[in-house]
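Here it is: the structure, laid out below.
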Amino acid sequence: MFVAMNRFRINEGQEEAFEEVWRNRQSRLADVPGFESFHLLKGAFDEESRTTLYASHTIWHSEAHFSDWTRSEHFRAAHRNAGDNRGMYAGHPVFEGFTAVLSE
């Protein structure tokens with residue numbers, strides 16, 4: 001199993017708009033070989049930076065399946081308009097990938 005996460009810092013007041021972008025996207029993940037599940041997670045509001053932490057969380061059968069997706073037309077289509085909402089973000093997303101070493 002491979003878990004792919006992107007962490008986003010969203011500017012105060014932009015949280016609902018950010019969530020709407022995700023709700024209204026045309027996801028094609030279910031059509032991608034090796035894809036298992038997706039979650040958008042909302043974290044805490046940071047008083048100092050005036051941002052809310054979010055993470056997109058996808059589970060893949062393997063890291064190879066995830067890598068194949070990142071080179072696919074599905075990936076390009078999913079990220080085509082990513083720059084349209086720059087005012088929401090306090091910086092660039094931060095990617096983190098994890099390979100399962102223990103599962104129960």
Side-chain angles (χ1 to χ4, degrees):
M1 177 182 78
F2 184 75
V3 178
M5 296 178 66
N6 274 298
R7 291 185 301 126
F8 305 88
R9 286 267 172 209
I10 302 303
N11 291 318
E12 181 178 21
Q14 296 294 317
E15 294 88 352
E16 185 60 34
F18 178 75
E19 291 174 23
E20 280 302 307
V21 167
W22 286 91
R23 280 188 194 100
N24 295 321
R25 78 194 195 293
Q26 292 185 349
S27 176
R28 296 185 176 114
L29 287 172
D31 301 329
V32 178
F35 170 75
E36 295 185 13
S37 67
F38 167 85
H39 301 278
L40 181 63
L41 309 171
K42 183 176 183 178
F45 178 75
D46 181 69
E47 292 287 341
E48 185 175 324
S49 66
R50 310 302 299 171
T51 61
T52 300
L53 178 64
Y54 283 85
S56 64
H57 176 276
T58 53
I59 298 179
W60 299 85
H61 183 71
S62 69
E63 186 173 0
H65 284 101
F66 170 75
S67 294
D68 289 347
W69 175 69
T70 65
R71 294 187 295 270
S72 73
E73 180 55 37
H74 290 295
F75 179 87
R76 285 186 287 285
H79 294 85
R80 189 164 286 129
N81 300 318
D84 291 354
N85 301 303
R86 291 183 200 270
M88 291 181 193
Y89 302 97
H92 295 286
V94 176
F95 174 78
E96 297 173 322
F98 301 90
T99 300
V101 295
L102 177 64
S103 296
E104 293 186 26

Those residues that, when tested against A44, pass side chain to side chain contact (heavy atoms under 4.5 Å, CB included) (two or more places apart) =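 A44: no side chain to side chain contact (heavy atoms under 4.5 Å, CB included) contacts found.
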request  = Determine whether F75 and F2 fall in the same hydrophobic cluster, where Ile, Leu, Val, Met, Phe, Trp and Tyr are linked whenever their side-chain heavy atoms lie under 4.5 Å apart.
outcome  =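 The answer is yes; both residues are in one hydrophobic cluster.
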key: Side chains of H57 and L40 in contact at under 4.5 Å (non-hydrogen atoms)   =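 Contact flag for H57/L40 side chains = no.
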message = I'd like to check the ring-ring contact (aromatic ring centres under 6.0 Å, His included) partners of H92; sequence neighbours left out, ordered by chain and number.
response = none
key: Minimum-distance pair of heavy atoms, taken over all atoms of F95 and A4   =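 Closest heavy-atom pair between F95 and A4: CE1-CB, 3.8 Å.
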Would you tabulate the side-chain donor-acceptor contacts of residues 59-69 under 3.5 Å, counting partners in other chains and residues two or more places apart, or write 'none'?
residue	atom	partner	partner atom	Å
W60	NE1	T58	OG1	2.9
S62	OG	A64	N	3.4
S62	OG	H65	N	3.1
S62	OG	H65	ND1	2.7
S67	OG	E63	O	3.2
D68	OD1	R71	NH2	2.9

ask   = Are M1 and M5 grouped together when hydrophobic residues (ILVMFWY) are joined by side-chain heavy atoms under 4.5 angstrom apart?
value =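 Yes.
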task = Mark yes or no for whether E48, through its side chain, and D46, through its backbone, hold a donor-acceptor pair below 3.5 Å.
result = no
query = K42 versus T52: any side-chain heavy-atom pair under 4.5 Å?
reply = yes
ask   = Could you state the interatomic distance from OG (S72) to CG (D31), rounded to the nearest 0.5 Å?
value =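 Those atoms lie 10.5 Å apart.
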Residues in side chain to side chain contact (heavy atoms under 4.5 Å, CB included) contact with E73, at least two apart in sequence or another chain =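 Counting only residues at least two positions away or on another chain, E73 forms a side chain to side chain contact (heavy atoms under 4.5 Å, CB included) with R76, A77, R80.
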Counting only pairs under 3.5 Å, give me each side-chain donor-acceptor contact of residues 19-28, with atom names and distances, residues two or more places apart or in other chains.
residue	atom	partner	partner atom	Å
E19	OE1	R23	NH2	3.1
E19	OE2	Y54	OH	2.5
E20	OE1	N24	ND2	3.1
E20	OE2	R23	NH1	2.8
R23	NH1	E16	OE2	3.3
N24	ND2	E20	O	3.1
R25	NH1	W22	O	2.9
S27	OG	L29	N	3.3

ask   = Do V32 and F38 belong to the same hydrophobic cluster, where Ile, Leu, Val, Met, Phe, Trp and Tyr are linked whenever their side-chain heavy atoms lie under 4.5 Å apart, directly or via other members?
value =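 Yes; F38 is reachable from V32 via cluster members.
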request  = Please report the shortest heavy-atom distance between G87 and N11, naming the atom on each side.
outcome  =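 Smallest interatomic distance, heavy atoms only, reads O-ND2, 3.0 Å.
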message = Can you list everything that forms a salt bridge (Lys or Arg N to Asp or Glu O under 4.0 Å) with E96? Sequence neighbours excluded, please.
response = R7
ask   = Under 4.5 Å between side-chain heavy atoms, hopping through other hydrophobics if needed: is there a path connecting F98 to F8?
value =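 As far as the 4.5 Å side-chain criterion goes, F8 and F98 are not connected within one cluster.
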query = Does a side-chain heavy-atom distance below 4.5 Å link Y89 with Q14?
reply = no
